[in-house]
Structures are given as C-alpha cells and as structure tokens.
Amino acid sequence: MVAPRERPRPGDLRILNELARTYARFNREHFGGQLREIPFRLSARMRTRLGQLSVNLKTGEVNEIAISRKHLRNGWAEVEKTVLHEMVHQWQVENHLPLDHGPGFRRKAREVGIAPRARRKVVGDVIFPVKPLPLSRP
C-alpha cells in the first residue's frame, strides 16, 4: 500500500526549486554531471530521517529524494548536506554498488566533503542552529 501524497503548502514550490538548483550544482561539482536528474519531495511524515532516497527495488531505478519538512528548520547548510548524502546513495545505485553506509559510502562521502554518518542526534525539535532559507539566486 502506498501512502497518499501530502498536499502542497505555501512556499513549497520555492523550496523545491531551490533543492533542484542545489542538486544540479552538486551534480556538476561532485559527480561530473553524471547523476540522473530526479525530483524532490517534502515530507511531514518523516520523524527520524532527515532525507531519504527512494529506489524501486525491482528495477533499481531511483525515484526521488524526500526531505523532512522538520529538517528545513535546521538551516539551509544542513539541508544541503542531507541532499549531498542522498546523492551519494544515488551514485551508489547508478554505479551498481551496494546501497548502504559501508566503506564505499564513507569514502565517497568524504570525497564530496560531508561527514560519512547516517544519523544525527536530535535534541528537541531542532538539531542545529536555525538559519532562514536563502532567497532564490537570479
């Protein structure tokens, strides 16, 4: 059974566009533009995860990256780290590597400049100092 999609909220389009721009920049800078472009989704249902890569296990196709709405309060720099984390997972899938947080993941995570960890300690509702989302760049 597939959970119903959440209704869009005011401001979602701006956030999703910023996520897509961030993804495109990271794809160029860290993956040589080799990753397949995929959509983003914002989720209020994610309680313990900051982000998640959805993969069709039958076909191996990457479907989307979901970002926790709650995580947006942690500041854009932290959201960018989560996007990059999920992109490393996408890189694993597209290169037919194990989808895990093992040595290959940790090596690639360090290569792209993020800490190779899967979880962060949550304290209250906020993990890191809150910063407002940046305005869209021209």
Side-chain angles (χ1 to χ4, degrees):
M1 178 179 198
V2 175
R5 293 284 181 187
E6 298 173 34
R7 291 184 185 175
R9 297 180 185 180
D12 280 0
L13 186 57
R14 182 177 70 87
I15 295 166
L16 293 168
N17 285 337
E18 191 65 33
L19 287 167
R21 281 190 291 276
T22 298
Y23 177 94
R25 178 171 49 89
F26 286 160
N27 193 12
R28 283 188 314 274
E29 292 173 2
H30 300 293
F31 302 93
Q34 297 299 308
L35 297 181
R36 187 177 65 82
E37 187 176 330
I38 59 171
F40 280 85
R41 178 174 58 86
L42 300 173
S43 173
R45 293 183 177 96
M46 296 172 76
R47 299 288 180 220
T48 60
R49 296 180 183 194
L50 304 177
Q52 178 176 338
L53 180 75
S54 296
V55 179
N56 181 322
L57 297 177
K58 290 181 182 178
T59 66
E61 184 175 326
V62 177
N63 297 322
E64 70 180 8
I65 293 175
I67 299 293
S68 165
R69 286 183 184 279
K70 192 175 183 179
H71 185 37
L72 295 172
R73 293 183 269 171
N74 296 331
W76 194 252
E78 293 305 317
V79 171
E80 285 184 336
K81 290 175 188 174
T82 300
V83 169
L84 201 45
H85 177 109
E86 300 308 328
M87 290 175 76
V88 172
H89 284 310
Q90 181 182 358
W91 172 83
Q92 288 176 307
V93 170
E94 292 184 7
N95 286 281
H96 310 286
L97 300 169
L99 181 57
D100 61 15
H101 291 105
F105 174 87
R106 292 191 299 271
R107 186 172 33 259
K108 186 67 170 178
R110 284 197 260 329
E111 180 184 307
V112 301
I114 58 171
R117 60 181 182 248
R119 295 190 180 270
R120 296 181 184 143
K121 186 175 180 182
V122 177
V123 179
D125 283 342
V126 178
I127 300 172
F128 298 96
V130 177
K131 295 179 186 174
L133 285 173
L135 296 176
S136 297
R137 296 176 194 104

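Residue numbers run from 1 in the order of the sequence given.
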Enquirer: Would you call V62 and W91 a side-chain contact if the rule is heavy atoms closer than 4.5 Å?
Expert: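 With C-beta onward as the side chain, the pair stays apart.
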Enquirer: Would you mind reporting whether L42 and L72 have side-chain heavy atoms less than 4.5 Å apart?
Expert: yes
Enquirer: Give the minimum heavy-atom separation between H71 and E78, together with the two atoms involved.
Expert: NE2-O, 3.3 Å
Enquirer: With clusters defined by side-chain heavy atoms of hydrophobic residues (ILVMFWY) lying less than 4.5 Å apart, directly or transitively, does M46 cluster with I38?
Expert: no
Enquirer: Determine, step by step, whether R25 and T22 satisfy the side-chain contact (heavy atoms from CB on, under 4.5 Å) criterion, reporting the C-alpha distance in whole Å, the side-chain angles of both residues, the deciding distance to 0.1 Å, and the verdict.
Expert: CA-CA 5 Å; R25 178 171 49 89; T22 298; 4.1 Å; yes
Enquirer: Step by step, work out the side-chain contact (heavy atoms from CB on, under 4.5 Å) result for E94 and Q34.
Expert: CA-CA 9 Å; E94 292 184 7; Q34 297 299 308; over 6 Å; no
Enquirer: Can you measure from NZ (K70) to OG1 (T48) and round to the nearest 0.5 angstrom?
Expert: 9.5 Å
Enquirer: Using a 4.5 Å cut-off on heavy atoms from C-beta on, say whether the side chain of R49 contacts that of T82.
Expert: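 No, too far: nothing below the 4.5 Å cut-off.
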Enquirer: Is there a donor-acceptor pair closer than 3.5 Å between any side-chain N or O of Q92 and the backbone N or O of D100?
Expert: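 Flag set: sc Q92 to bb D100 pair under 3.5 Å.
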Enquirer: How close do P39 and N63 get, counting heavy atoms only, and between which atoms?
Expert: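 Shortest heavy-atom contact: CD-O, 3.3 Å.
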Enquirer: When you measure from the side chain of R110 to the backbone of R106, do you find a donor-acceptor pair of N or O atoms at a distance under 3.5 Å?
Expert: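 At least one qualifying donor-acceptor pair exists.
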Enquirer: Identify the heavy atoms of L19 and F40 that sit nearest to each other, and give their distance.
Expert: O-CE1, 3.7 Å
Enquirer: What are the two closest heavy atoms between H101 and H85, and how far apart are they?
Expert: NE2-NE2, 3.2 Å
Enquirer: Looking only at side-chain N and O atoms, does H89 offer a donor or acceptor that is under 3.5 Å from a partner on E86?
Expert: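 There is no such pair (donor and acceptor under 3.5 Å, judged by atom type) between the side chains of E86 and H89.
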Enquirer: Has Q90 got a side-chain atom pairing as donor or acceptor with L53's backbone, closer than 3.5 angstrom?
Expert: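 It does not hold such a pair.
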Enquirer: I would like to know whether R107 and V88 meet side-chain contact (heavy atoms from CB on, under 4.5 Å); could you show each step before the answer?
Expert: CA-CA 10 Å; R107 186 172 33 259; V88 172; over 6 Å; no
Enquirer: To the nearest 0.5 angstrom, please state how far the CD1 atom of I67 sits from the CZ atom of R41.
Expert: 10.0 Å
Enquirer: Check whether any side-chain N or O of N27 sits under 3.5 Å from a backbone N or O of Y23 as a donor-acceptor pair, and report yes or no.
Expert: no
Enquirer: What closest approach, in Å, do N56 and T59 show between heavy atoms, and which atom pair accounts for it?
Expert: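 Reported closest heavy-atom pair: OD1-N, 3.1 Å.
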Enquirer: Please tell me if the side chains of F31 and V112 come closer than 4.5 Å, counting only heavy atoms from C-beta onward.
Expert: yes
